[in-house]
Structure formats: C-alpha cells, structure tokens
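Everything below concerns the one structure shown next.
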Amino acid sequence: MGKQAKTAITPTREENFPEWYQQVIKAAEMAENSPVRGCMIIKPYGYALWENMQNTFDGMIKDAGVDNVYFPLLIPLEFMSREAKHVEGFAKECAVVTHHRLEADEDGNLIPAGKLEEPYIIRPTSETIIGDAMVRWIQSYRDLPLKLNQWCNVMRWEMRTRLFLRTSEFLWQEGHNAFETAKEANDDALKMLEAYRAFSEDHLALPVITGEKTEEERFPGADNTYTIEAMMQDGKALQAGTSHNLGQNFAKSIGIKFQSRSGDEEFAHTTSWGISTRMIGGMIMTHADDDGMIMPPRVAPHQVVIIPILREDQDASALNNYVDDLKARLKAANIRVRVDDRDMRTPDKMWDSIKKGIPVRVEIGMREVEEGVLTYIRRDLGKDSKRTCTIAEFLETIQAILDEFHDALFARAVAFREEHTSEASDLAGLKAFFEKDNIGFVRVPVSVMQEDGYEDVMKEYSLTTRCMPFADNGKIVIIGKAY
RNA sequence: CGGGGUGUAGCGCAGUCUGGUAGCGCGCAUCGUUCGGGACGAUGAGGCCGGAGGUUCAAAUCCUCUCACCCCGACCA
C-alpha cells in the first residue's frame, strides 16, 4: 500500500548502486558478513550457485587435460621469499601463523603459546608451494606438460571488503601448468583465458572482453597477463578472471628445471590462471535489477520454481499430486526445479522467487489443475510475460525457454556495454569523456599512454587501463573505472 | 597507519545535551479474516543499553579507561 516500495530492492541502482548491490545479496539470501572481519558467510542459495559454477568449470578444466590436486592451506614463510616478485605482490596482505597452541593465563584468557620456529603464512595463492612440488615432480621433458588445478580458499588481508567482490578470504580455482617451450606456455595461458571467456559468456551470460593487461596492471612476475573484463551496470569494469604466462621467471626463481630432448638442463615455462567467487559479484552487478537478483539459467540453483496456490476451503491433494507429478517430470528432463510449499502467503513466495532471481516461476492453482495446464512467468520480463500452456507443452519448451532467457540476458548485457563504450583518439578526448561524468569504457590508441599528462588524468578520475583487446591486435587500450 | 563516526530486542533506530529504573518500526509467535504481483486486526514473546571502573540516594544518560565495528584515504581478484 502507501508505504510499499515500487521496487523490491531499495535503494534502486539509480539511487545508490553500491547499497543496491548489498541489498540484492541480502534479499536473495546469497551471503552475509561474518563475525570475522572481511570474511563472508556464503548462505545455501549462494553456495548452490557456486557449486553449479564449480561443476561446470571443473568439467572444462578436465577437458583441457588438467588434473585436480590439493595443497596445504599453510605455506612456510621461507617459500614466499623465494619469489622476489611475489613478495612485492602479496607480502603486505598476508596473514601469518606464528603459534601452534593456546594457553590460559591467570584470568582464564586464552593466549597464543608455542611459538613456531618458522612462521607459516595462510596462502594468498599457492604458486610457491605447488612450484616446490613441481621441482620434485619434473625431471625430464617427458614429465611435461604438467597441468594442475586446485579448488580452494585463499586469504588476502584486504583493507576494504565487499561481499563477493573483494573479501579477505575467498573461494577460487587456481591452475598451475608447466611446459617445455615458451610457445606452449603462452598458448596455454591463452587457451585457459578462452575457457574463461566461454564459461563466462556461455554459462553465466556475462559478456567479457578478452585481452592483455598493460605493463602497469600485469601480475607481478608474469611476462603476459591476459584478462576477461566485464562492464557492470554502473559502467565500472570488473576483472572477472586472469590467466598469466609466467615465462621462465617463476621456474627460475624456484628451480623448476628438466632435462631437455637434447640433454641440456632447462627451466620450465609456466602459467597460472584463476577465477573466484568474485564472478558472483559480477553476475549480480550485470544481471540484477531493482527487484533483485536475476540468475543466469545454466548455473541458477533453481531454474524453475513451482508455487502451488490453494485456498483453505480447497482440497490440497489433487493440487499436490499435480504439482508432484510436474516436478518429477521436470527433474526427469534435467531441469533444476523447486516446489515452494513453505508455510507462507502466496504473494510473499512470489516476491521471494523474484528477489532470488529464479528464471521461471510456475503458478498452479485449482484452475490449472482442472484444465491440465500451468501458468508461468519469466523473471527477466516480469508479470507481463505471464503465459498459460499445457503441461506437455511446457515440458517440451522449457529448455528452449531457459536458453532464450540466457540469450536475452547476454544480449541485454552486451547492449549495455556497447551503449557505454566510446572511442577517443587522444588524451584530451579521454579526459573530456570522464569530465562530463559519463560512465563506461573509453577505447583509445595505446599511444595515449605515452602522452604528457597521461598519469595525471588517470589519477584525477581514478581510471585504470583494463586491457588491450585481442580484437584490436594490441593497438587499442580500454580505459575505465574499475572494481 | 592517519581523519571521522557508531555500539540500546533478531534487524533498523529513538532516548544521552537537561540522571528517576527502557521505547518505536520491521521481523518473530498465536488466533481470526486473507492468499493468482508485497494483507489487516487482536494478543504475545524477546533487552546484564559493547566491557571495566568511578561520581550519585539513583546511571543507557555524567567522568575515566578499554574493546569492537563502520565510513573516508594509501593496496588488491
């Protein structure tokens, strides 16, 4: 009524984008802040999404000939210092384990005791400890390529955190591959980036620009850093995944060598590549609207929600049988379906499914039961998309509906990105764009990075180079604000 | 680590200046009427007022110390 908001989420994107983002997560029950500073609690609905993402991408990793492994959470401090560039990159944000026991003092407070001879750090990434194993596992060119991946948590002591986008602890996969030749390694870095692009676009409906990072944005110790960059609805960029060609840099600093075909001792060429729970943040900021989340169907925890609608004076058994039967048939068709039979008012269930972004909502009341039909609504199109069809028809078309849903989400995101991408030929043009409070990306010739005053402009508008798109053969660099 | 702010019911807050034994909204529970795009009424449960010490007949309120968290700046997927 009067005090009722027009949108399910307040504030709207327009009013306050960062706050809107937090509220979408809260309303969809995906995650919340934890008692541990900077760390999140991923709730069942959010974790189900992550599991689906993992399952899909894990299959792609295995198709690429990579084996899964697991290495320890703790890394000997000394390992870090083996890689000078690594120290530069991560030392400032490492959590350090210095004790291995707690003792009670006279007041009963627990205090750390048993100081460790050598402290451990909690992995910010596992390059060094996996590299240490590679040193032992690789002796001959016959041991190459060696391709390893692990799904795990890592910790980086971030100053400012935001759910999914930047948390001190986050979940990811980190791949670490070693090769005989420079070309193989570079090809591999590009191949894994292509896997990220495919995963992102074909499964998350997240359009990305593939390209190479500029020198200033490159991963410490990498020869090349490749990236997928997405544009959020506020025009900011999100680096959604990176793949690094480390050349022989890493192998040299840690000692990964092998006997080559000619019998000489050579250093391996390595790559590393990762995507994380950050991608979930990207999906939210790309797809969600002022009524909450919109889940891309291929990874959505529930693709279809069935809401039974029953008045108290009606007999539930006929409806229940009808709904159970439909559910079974959808499951048999490999559709992830949920029946919302919770003890809640019907309108509340509907809004709940909207805020959670379940792609297709099916409503079934006695009307439908009597006629052998169902009514469904697409989340992205809203109540005007309401259709009634027979059960048979629905079963036949649901996969196509979900595919169309995916395509529509993707097309909408691409259109947004295109609308908010401009071209400029020089620094003055770049400055003019951001001076006017425009949002989005500006494509400029790479020579702009050489212009006098370039750094001042970048700093003034807090801009960063996002990437040099492959599509432009390294002639263009995309500049924008970023997460 | 600098600058600013906040700790009172599950959540969001008022009360603090001007001490008098704790309140509002949402949520939660029960009952009734409701239920196809956010319902309403009635009743009810729930609080060592962040912690410690002090002043006082009396402290959420005043004083001292402490802890935690948030925001803004320097780093990052």
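Worth saying up front: this structure is predicted, and the values here are computed from it rather than measured. In the text below, chain A, chain B and the rest are named by the order of the sequence lines, each starting its count at 1.
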Assign each of A:M366 and A:A240 the nucleotide of RNA chain B bearing its closest heavy atom; nearer the 5' end lies the nucleotide of A:M366
So what does A:L238 hit on the nucleic acid, given a heavy-atom distance under 4.0 Å: a base, only sugar-phosphate, or nothing? nothing
Grab the CG-P distance between A:D340 and B:G36 for me, whole Å please. 14 Å
Determine, for A:W172 and A:R156, whether the Lys NZ or Arg CZ falls below 6.0 Å from the six-membered ring centre while staying within 45 degrees of the axis. yes
The residue, A:K459 or A:I354, whose nearest nucleotide of RNA chain B is more 5′ is A:I354
Within this structure, what is the CE-to-C1' distance between A:M40 and B:A77, rounded to whole angstrom? 12 Å
Within this structure, what is the CD-to-P distance between A:E229 and B:A77, rounded to whole angstrom? 11 Å
Send over the distance from A:E371 CD to B:G36 P, rounded to a whole Å. 18 Å
What residue among A:V369, A:I309, A:T375, A:I307 forms side chain to side chain contact (heavy atoms under 4.5 Å, CB included) with A:I364? A:V369
Report the distance from atom CE of A:M159 to atom P of B:G3, rounded to the nearest whole Å. 16 Å
Base, sugar-phosphate or nothing for A:S276? Non-hydrogen atoms, less than 4.0 Å. base
Nearest whole Å is fine: how far is B:C11 C1' from A:E19 CD? 14 Å
